[in-house]
Amino acid sequence: LIGLMSWPPTLVFSDRDEALRADIRRWIQDNDPGRPSEDLAERVKQLAQWQAALHAAGFIGLSWSPSEGGRGMGISAEAVLAEELGRSSMPELINRIALYTVAPAMMMCGTPDLRREFFPGMLNASEIWCQGFSEPDAGSDLAGVRTRAAFDGSDYVINGQKVWTSRGLWARWCALLARTSGQPGDHRGLTLFVVDMEAAGVTVRPLHQILHEPHFSEVFLDDVRVPPHHVIGDVDRGWTAAMSTMGYERGLFVLERQIGLTKRLNDLVLRHRDELDAVAIERIGALFAQLEVLRAHTYRTLAEQERGELARGATSVDKLLLTECYQHLCAEAFDLFGEQDALAFDDRAHDLLESRSVSIYSGTTEIQRNIIATQLLGLPKGAG
Amino acid sequence: MSAELLEAFESAARRAMVRSEQLAAAEHDEPVRPDVARQMHAVGLLDIAVREDRGGLGLDSTAVGEICAAAGRALLPSGQLHELLVVAPLLAEADRPDAAATLAAIVRGELGAGGGGTTTGNPLGRVGSRIRIDRARVWLSRDATIAGVVSPDLAVVTSLTTALSVEPVRAIDPGQGLHVISGDVEESDLLAVVEGGAARWLWQRWRFGLCSHALGCAEEVSRISTAYAKERRQFDRPIGAFQAVSHILADMHAGVTPAVSALARAAILLDSTDPRMDDAMTAAVEWLPARARLVCEQAIQVHGGTGFTWEYGLHLHYRRVLAVQAALGGRRHAAAEAGAALLARTEARQGPEVA
């Protein structure tokens, strides 16, 4: 058969990937610890143990080079892991920020010493990472970062405040953006630091979310000292280091979420199959179709990433599509199957409330639209 | 053979399809002039979706989808799209001795053709030695004398003899020669009959081709809208500088892009023996025409008053997408099919295959 080759690629799993899939599936069958605790602190502990076990079995860092503790496989192997984890009781990797955001930044522009120091703890989850980007005055407009780092001759001394820091309560390390020069509003002059969350001057205060779980926190930094060798990339070039890996993370992240949503939809259908009338079947059908499209799109993103063809800003589409699917699924589950008659707080109510975060985290829907408009469509940057 | 073929096809289609003539065809509900068909036959319209061992180009489904999308961008007449997707592959597949002669006659312009397919009802069935055609919807070129129809388990090409009633329909997408045909035809009088797995595959590829066609329509209006927003100025700046406008354009892009991803994957599954093809197609049929329709609506909005005029012609793409959605059974039917697929999978306790 002859092709024309203007349509995008899709992820193809090699025999080696499929063998890996069989390995992981078998291993999970034998080792799945069951549903994690409702209590968040306990759950974090269990998730860390789970990642450690997965690491010991050889399934973490699949696409990393062997010299850095990985197995030198492709991104399709990471996709296999995400898919198989999606079938388990604990689909989430607790140290995903480390594995998919910080580590790639270190691979791209960090020193070998940084990699040697931090990769082992990232892989086995003995050291959990968080990301210190957002601030009270720098949310969507990240260039507004005001936290400052001043070099005193031996160390950088950091002062300022971070907010919406996921896993801040449990993290040992934080990849933190601070201003080493310039003024708030300028992307230049930011530097990406590795901050020890146990260092003197770091105060973490839990921020309770819509469900009253402290998934994220405020982090206050008062004269926190960071040695110069804990800078990732160049001083004043932290924006580049931080942004270079945003796209890398998103493909896998969206795939993980897609699998989680598919599982949720299956569970709903299984649980309520006797209540489904014709209209409900149509509505779950629409969800199923949407999730299939999301999967196809995620496979495309990962395939383009693997080939180095992923356009700058392209994964904003993935984020928008994920948001649509996520919020649609949670709203439909609530409307079709929720216990609204009893005014009861059930799983569906929980999910509906939680789903509001998706259009906000990791760049709001509005920011994604701005990125698509300016970077992909070439529209003028406007103030209106 | 590669990108050049697609380019040749699209530029031929764009040359042949003059906007003023398309508008006139829509206004008077008459198929466009016959030399459009001749020009498209000259670039090998009838060879595109035919296997190489049956005399065609042997293109993969990805290529066929790309061509159908180009046909959507250029608004190729629906009759021609169905010559490509239904008539030619059916005649080739049935492998009757006169098939090549029939195809040659179409190319010479001696025979007009058209076709359609179905997802609802039961428009094709056997009654003794005859095939009963019951209200099948087909798009016919001007002076058509043969028509092909695909359904999930049976596909035929028939002459439009006096045994069949052929009624024109006032269509959402006028000027495309939409007709409803009914009647009984002796099987031996049919030009082609395909059944079983081969029929199902051709039916799935017809659905895939229509989804690709709708994608092409969405791509085109998305492109036109972005260009318009960069050029059209109000309040001393291009309207695309306003987020109220640029965010609509971004959403249009966020509709078109995953649609390509979904079809690119469906195409590969279609050409393999992968059982996930059915789910991929079911999802495409549910999601894609609906999203393409939304993109057309957004395009009209972005153009303001201009978008609502007859002469600007955005409605032509919008109408085409609405016709595709209806031809595929409409959104509710497609959603019910997807829901049934999901139920069947969970019943088997598999869940939509993650692997």
Side-chain angles (χ1 to χ4, degrees), chain A residues 1-10 21 25 83-84 86-87 259 262-263 265-266 269-270 273 276 278 280-301 314 316-317 320-321 366 368-374 376-384, chain B residues 1-3 5-6 57-60 62-63 65-67 226 229-230 237-238 240-244 246-247 249-251 253-254 257-268 271 279-280 282-284 286-288 332 334-343 345-347 351-352 354-355:
Chain A
L1 290 172
I2 297 161
L4 303 179
M5 305 293 288
S6 79
W7 275 3
T10 189
R21 186 189 298 286
R25 193 171 292 184
E83 291 187 335
E84 293 308 312
R87 305 164 70 104
I259 291 155
T262 302
K263 192 162 183 280
L265 179 61
N266 282 348
V269 170
L270 269 177
R273 52 175 312 112
L276 297 172
I281 290 173
E282 286 172 23
R283 286 167 68 171
I284 60 161
L287 291 167
F288 174 55
Q290 201 176 17
L291 283 170
E292 279 286 302
V293 171
L294 178 63
R295 170 148 63 142
H297 187 66
T298 308
Y299 278 1
R300 173 231 186 118
T301 296
S316 289
V317 171
L320 288 181
L321 195 64
E366 290 68 31
Q368 307 305 338
R369 287 178 176 142
N370 283 347
I371 291 171
I372 293 171
T374 56
L376 299 175
L377 301 178
L379 289 161
K381 278 189 184 168
Chain B
M1 178 69 61
S2 61
L5 175 67
L6 181 62
L57 291 176
L59 299 178
D60 60 17
T62 308
E66 289 173 68
I67 294 263
T226 300
K230 288 177 185 174
R237 67 186 76 168
F242 295 101
Q243 287 186 340
S246 69
H247 284 192
L249 293 163
D251 281 343
H253 180 81
T257 309
V260 186
S261 314
L263 288 173
R265 178 164 182 264
I268 287 166
D271 287 341
D279 279 350
T282 297
E286 199 285 331
W287 190 84
L288 205 138
R332 290 195 62 180
E337 179 187 312
L342 175 62
L343 274 177
R345 285 199 153 273
T346 42
E347 205 154 294
V354 173

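A note on names: the letters A, B, ... follow the listed sequences, proteins ahead of strands, and every chain is numbered from 1.
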Tell me, side chain or backbone of L288(B) under 4.5 Å from chain A's heavy atoms, or both, or neither? neither

Contact winner vs chain B - I371(A), I372(A), T10(A), V293(A), heavy-atom pairs under 4.5 Å: V293(A)

Specify the closest pair of heavy atoms between F288(A) and A338(B), including all atoms of both residues, with the distance to one decimal. CD2-O, 3.4 Å

Considering only heavy atoms, which portion of Q368(A) lies under 4.5 Å from any heavy atom of chain B: side chain, backbone, both, or neither? neither

Which bit of L376(A) is near chain B, if near means a heavy-atom gap under 4.5 Å: side chain, backbone, both or neither? side chain

With side chains defined as the heavy atoms from C-beta onward, is the minimum distance between R345(B) and V269(A) less than 4.5 Å? no

Of all heavy-atom pairs linking A264(B) and P8(A), the shortest is CB-O, 3.6 Å

Looking at G378(A), S316(A), A278(A), which one has more heavy-atom pairs under 4.5 Å with chain B than the rest? G378(A)

Which one, A250(B), S261(B), G240(B), leads in non-hydrogen pairs under 4.5 Å with chain A? S261(B)

Are side-chain heavy atoms of R265(B) and R300(A) found at a separation under 4.5 Å? no

How about R273(A): does its CZ atom have over 12 heavy atoms from other parts shown lying under 6.0 Å from it? yes

Between P238(B) and P380(A), which heavy-atom pair has the shortest distance, and what is it? CG-CG, 4.2 Å

Please report the interatomic distance CD(E337(B)) to CD(E282(A)), rounded to the nearest 0.5 Å. 12.0 Å

At a heavy-atom distance under 4.5 Å, which candidate from P9(A), A296(A), A280(A) has the highest pair count against chain B? A296(A)

Side chain from CB out, backbone as N, CA, C, O: work out which of these in I268(B) comes under 4.5 Å of a heavy atom of chain A, or both, or neither. side chain

Measure distances from A334(B) to the heavy atoms of chain A and classify the residue's part below 4.5 Å as side chain, backbone, both or neither. neither

Under 4.5 Å heavy-atom distance to chain B, tell me which part of L377(A) shows up: side chain, backbone, both or neither. both

Chain B heavy atoms under 4.5 Å from R369(A): which part of the residue, side chain, backbone, both or neither? both

Identify the heavy atoms of I281(A) and A336(B) that sit nearest to each other, and give their distance. CG2-O, 4.1 Å

Over all atoms of both residues, closest heavy-atom pair of T346(B) and L270(A): O-CD2, 3.8 Å

A289(A) and E286(B) have their tightest heavy-atom pair at CB-OE1, 3.4 Å

Relative to chain A, which of T226(B), D251(B), L249(B) shows the most heavy atom pairs under 4.5 Å? D251(B)

Could you tell me which of L263(B), T257(B), T282(B) has the largest number of non-hydrogen atom pairs under 4.5 Å with chain A? T257(B)

Engaged part of L287(A) at the chain B interface, taking heavy atoms whose separation is under 4.5 Å: neither

From Q243(B) atom CD to L379(A) atom CG, the distance as rounded to the nearest 0.5 Å: 11.5 Å

Given a strict heavy-atom distance threshold of 4.5 Å, which part of I284(A) is in contact with chain B: side chain, backbone, both, or neither? both

I'd like to verify something: which residue of A280(B), A284(B), P258(B) has the highest number of heavy-atom pairs under 4.5 Å with chain A? P258(B)

